**Q** 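Take this structure, written in structure tokens, and hold onto it; I'll ask about it next.
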Amino acid sequence: MHHHQNIGDAAALNGMLPPYEAMAMYEQPKPRFIFKMPRVVPDQRSKFESDELFRRLSRESEVRYTGYRERAAEERKMRFITDCRKGYAEISMVASGTNLQLYFNANHNPYAQEQECDFDRERGKVHLRSSFIMNGVCVRFRGYVDLDRLDGVASLEFDEQRAQQEDAQLQEQIQSYNQRMAESKRIYHTPQTPPEDHHRRGGPGLPGGPMGW
């Protein structure tokens with residue numbers, strides 16, 4: 001036996017919907033805005049200068065390569081050099097226990113004032129420079145690692161140029177969000193008459209004219 005529902009049965013069921021469910025069918029959908037989490041804090045320099053962690057990291061201190069700890073010493077040295085030439089390195093700032101995954105441009109640029117990965121600057125060492133965002137602040141890692149011991153000295157400094165770029169993007173993001181919210185309030189706070197309610201009251205061309213409540 002086939003169990004199916006004909007059109008008349010479906011219409012009858014639709015007519016049995018409670019009033020509040022029927023009205024919900026004509027409710028105008030509300031807008032959905034997604035505000036991406038800002039990449040930076042509003043006042044980056046202030047946080048960099050006042051935050052205890054940044055104050056500690058801004059002082060030159062010991063750093064170590066932390067990759068492939070389970071491997072033999074010679075293999076770790078080769079892997080560190082290989083990683084650097086590929087443009088990344090796992091570095092720990094020992095005093096604070098802060099582990100960093102650094103990314104940088106490993107290509108030698110003769111026109112650059114300072115290379116981001118420089119094996120030629122000092123024999124037996126690689127000098128690294130890497131910019132990134134940490135705790136909402138644009139910073140730059142600057143230091144060196146001894147290629148034999150796999151440790152060295154480095155510090156974090158405030159990246160003024162990158163901070164200005166991120167601040168400009170943050171302001172554009174906030175302004176765009178505020179404009180969309182204002183437009184949403186203007187549109188969706190205007191009273192709307194549902195189509196069904198319009199016919200129920202008696203629209204143009206319907207006999208009897210408007211009905212009172």
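Note: hydrogens, waters and symmetry copies are ignored here, and every other heavy atom, side chains too, is used. For clarity, every value in this text was computed on a predicted model and none was experimentally measured. When a residue number appears, it is its place in the shown sequence, counting from 1.
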**Q** Counting distance only, does the side-chain N/O of K125 pair as donor-acceptor with the main-chain N or O of G152 below 3.5 Å?
**A** no

**Q** Is there a side chain to side chain contact (heavy atoms under 4.5 Å, CB included) between S92 and T98 once you walk through the steps?
**A** CA-CA 6 Å; S92 173; T98 303; over 6 Å; no

**Q** Let me confirm one number: the CG-OG distance from L57 to S96, rounded to the nearest 0.5 Å.
**A** 4.0 Å

**Q** Can you list the residues that meet the side chain to side chain contact (heavy atoms under 4.5 Å, CB included) rule with I81, with sequence neighbours excluded?
**A** R85, F119, L147

**Q** Do D120 and Q115 come close enough that some side-chain heavy atom pair is under 4.5 Å?
**A** no

**Q** Once you round to the nearest 0.5 Å, how far does CG of D51 lie from OG of S46?
**A** 10.0 Å

**Q** Does H127 offer a backbone N or O that forms a donor-acceptor pair with the side chain of R142 under 3.5 Å?
**A** no

**Q** List in chain and number order the residues that pass ring-ring contact (aromatic ring centres under 6.0 Å, His included) with F48, two or more places apart in sequence or in another chain; answer none if no residue qualifies.
**A** F54, F158

**Q** Look only at the side chain of E116 and the backbone of N105, and say whether a donor-acceptor pair between them is shorter than 3.5 Å.
**A** yes

**Q** Less than 4.0 Å between a side-chain N and a carboxylate O, is that true for D146 and R149?
**A** yes

**Q** Rounded to the nearest 0.5 Å, how far does SG of C138 lie from CZ of R39?
**A** 7.5 Å

**Q** Give me the atom names and distance for the closest heavy-atom approach of L156 to F141.
**A** CD2-CA, 3.7 Å

**Q** Please confirm whether the backbone N or O of R55 pairs with a side-chain atom of S58, one donor and one acceptor, at under 3.5 Å?
**A** yes

**Q** To the nearest 0.5 Å, how far apart are OG1 in T82 and OH in Y68?
**A** 8.5 Å

**Q** Any side-chain heavy atom of F80 sitting closer than 4.5 Å to one from V145?
**A** yes

**Q** Would a distance-only check, ignoring hydrogens and angles, find a side-chain to backbone donor-acceptor pair under 3.5 Å from S130 to Y103?
**A** yes

**Q** Given the rule that I, L, V, M, F, W and Y join up when any side-chain heavy atoms are under 4.5 Å apart, are M93 and L150 in one cluster?
**A** yes

**Q** Please confirm whether the backbone N or O of A163 pairs with a side-chain atom of Q44, one donor and one acceptor, at under 3.5 Å?
**A** yes

**Q** For the pair D159 and V139, evaluate side chain to side chain contact (heavy atoms under 4.5 Å, CB included) and give the outcome as yes or no after the intermediate values.
**A** CA-CA 5 Å; D159 192 339; V139 296; 5.6 Å; no

**Q** If you round to the nearest 0.5 Å, how far is CG of D151 from OG1 of T66?
**A** 12.5 Å

**Q** So, applying salt bridge (charged side-chain N to carboxylate O under 4.0 Å, His left out) with E157, which one of R59, R129, R140, R162 is it?
**A** R140

**Q** Begin with the C-alpha distance, continue with both residues' side-chain angles, and end with the deciding distance and a verdict on side chain to side chain contact (heavy atoms under 4.5 Å, CB included) for V63 and V153.
**A** CA-CA 5 Å; V63 295; V153 175; 5.7 Å; no

**Q** Considering only NZ, NE, NH1 and NH2 on the basic side and carboxylate oxygens on the acidic side, decide whether R76 and E74 come within less than 4.0 Å.
**A** no

**Q** Determine the minimum heavy-atom distance between V126 and C84, stating which atoms define it.
**A** CG1-SG, 4.5 Å

**Q** Let's go through D83 and E90 carefully: what are the C-alpha distance in whole Å and the side-chain angles of both, what is the deciding distance for side chain to side chain contact (heavy atoms under 4.5 Å, CB included) to 0.1 Å, and is it a yes or a no?
**A** CA-CA 9 Å; D83 288 350; E90 297 177 24; 5.8 Å; no

**Q** Would you tell me whether Q164 and E160 have side-chain atoms, one donor and one acceptor, within less than 3.5 Å of each other?
**A** yes

**Q** Is L102 reachable from Y144 through a run of hydrophobic residues whose side-chain heavy atoms are each under 4.5 Å from the next?
**A** no

**Q** Can you tell me how far the CD1 atom of I91 sits from the CG atom of L100, to the nearest 0.5 Å?
**A** 8.0 Å

